[in-house]
Amino acid sequence: VSTALMTWKGLMLATFSESPVVVVLSGSMEPAFYRGDILFLELHPNPPISSGDVVVYKLGDRDIPIVHRIMDVHEEKDTVYMLTKGDNNRVNDRGLYPRGQLWISPKDLMGRVWFYIPYVGIITIWLNDYPILKYLLIGGMVVVALTSREPQS
């Protein structure tokens with residue numbers, strides 16, 4: 001457990017992202033990314049975010065981050081504002097933003113996608129969509145833990 005935590009913290013420091021790994025949960029970015037793809041994020045200031053980059057952002061009151069492409073970048077008074085859209089969506093994301101908000105800002109970003117592994121995260125989706133699988137997995141782990149014996153010396 002401590003090794004996993006240290007690895008996660010190391011990834012956070014190396015990528016400048018609070019959540020350096022996410023799983024794609026919807027089909028809004030198909031064909032670029034599919035449900036279950038694992039995305040690795042970075043939030044380095046150089047190179048700057050630009051149109052065409054795929055980013056993950058989180059809006060204040062929503063728990064689930066959104067993976068979409070930047071369609072337009074608008075600079076105003078040393079601040080960069082971005083308009084996003086899913087590749088598989090017909091319209092931009094302004095309907096997802098809070099009322100009156102036309103752009104997302106850098107504070108909304110969790111990171112920019114720099115690497116991905118296809119479909120590996122589908123297990124996470126299955127465990128959330130079908131809770132019985134989660135209970136079967138936990139039950140199986142308990143059975144293995146209770147029935148395994150330590151070697152006798």
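S50 pairs by the side chain to side chain contact (heavy atoms under 4.5 Å, CB included) definition with D53, not counting sequence neighbours. Considering only residues two or more places apart in sequence or on other chains, V80 meets the side chain to side chain contact (heavy atoms under 4.5 Å, CB included) condition with V73, E75, M82.
Considering CZ of R69 and OG1 of T84, their distance stands at 11.5 Å, rounded to 0.5 Å. Distance check: L136 CG to I132 CD1 gives 5.0 Å after rounding to the nearest 0.5 Å. To the nearest 0.5 Å, atoms OH (Y97) and CG (D108) are separated by 8.5 Å. For the atom pair CD1 of I123 and CG of L133, the computed distance is 10.5 Å after rounding to the nearest 0.5 Å. Distance NE2/H68 to CD1/I70: 12.5 Å, rounded to 0.5 Å. Separating the CZ atom in F115 from the CZ atom in F40 is a distance of 6.0 Å, to the nearest 0.5 Å.
There is a side-chain donor-acceptor pair under 3.5 Å between D93 and Y57.
Residues Y130 and V120 share a single hydrophobic cluster, defined by chaining ILVMFWY side chains whose heavy atoms lie under 4.5 Å apart. Cluster annotation: L41 is not connected to I49 through the hydrophobic network of ILVMFWY side chains, with a link wherever side-chain heavy atoms come within less than 4.5 Å. By the criterion of side-chain heavy atoms lying less than 4.5 angstrom apart, applied directly or through intervening Ile, Leu, Val, Met, Phe, Trp or Tyr residues, V56 is not grouped with W114; the two fall into different hydrophobic clusters. In the hydrophobic clustering of ILVMFWY residues, with side-chain heavy atoms under 4.5 Å counting as a link, Y81 and L96 come out together. Cluster membership for V21 and Y119, using ILVMFWY side-chain heavy atoms within less than 4.5 angstrom, is not shared.
Closest non-hydrogen pair, L102 versus L83, comes out as O-CD1, 3.9 Å. The shortest heavy-atom contact between R112 and P48 is NH1-O, 3.3 Å. Nearest approach of N88 to G27, heavy atoms of both residues: ND2-O, 3.2 Å. Here the closest non-hydrogen pair linking G36 and V23 is CA-CG1, 4.0 Å. Residues S19 and M110 share a closest heavy-atom pair of CB-CE, 3.3 Å. Contact between L43 and G111 at its shortest, heavy atoms only, is CD1-CA, 3.7 Å.
No donor-acceptor pair under 3.5 Å is formed between the side chain of H74 and the backbone N or O of T79. In this structure a side-chain-to-backbone donor-acceptor pair under 3.5 Å is missing from R94 to G100. Between the K85 side chain and the N89 main chain, a donor and an acceptor come within less than 3.5 Å of each other.
Side-chain contact between L25 and I64 is present, with heavy atoms from C-beta onward closer than 4.5 Å. Residues P98 and L59 have side chains in contact (heavy-atom distance under 4.5 Å, counting atoms from C-beta outward). Side-chain contact between V54 and M29: present, with at least one pair of heavy atoms (C-beta onward) separated by less than 4.5 Å.
Legend: salt bridge (Lys or Arg N to Asp or Glu O under 4.0 Å) pairs involving residues 23-39, not counting sequence neighbours, sorted by first then second residue: R35-D129.
Annotation: Y116 is in aromatic contact with F33 [ring centroid separation under 6.0 Å].
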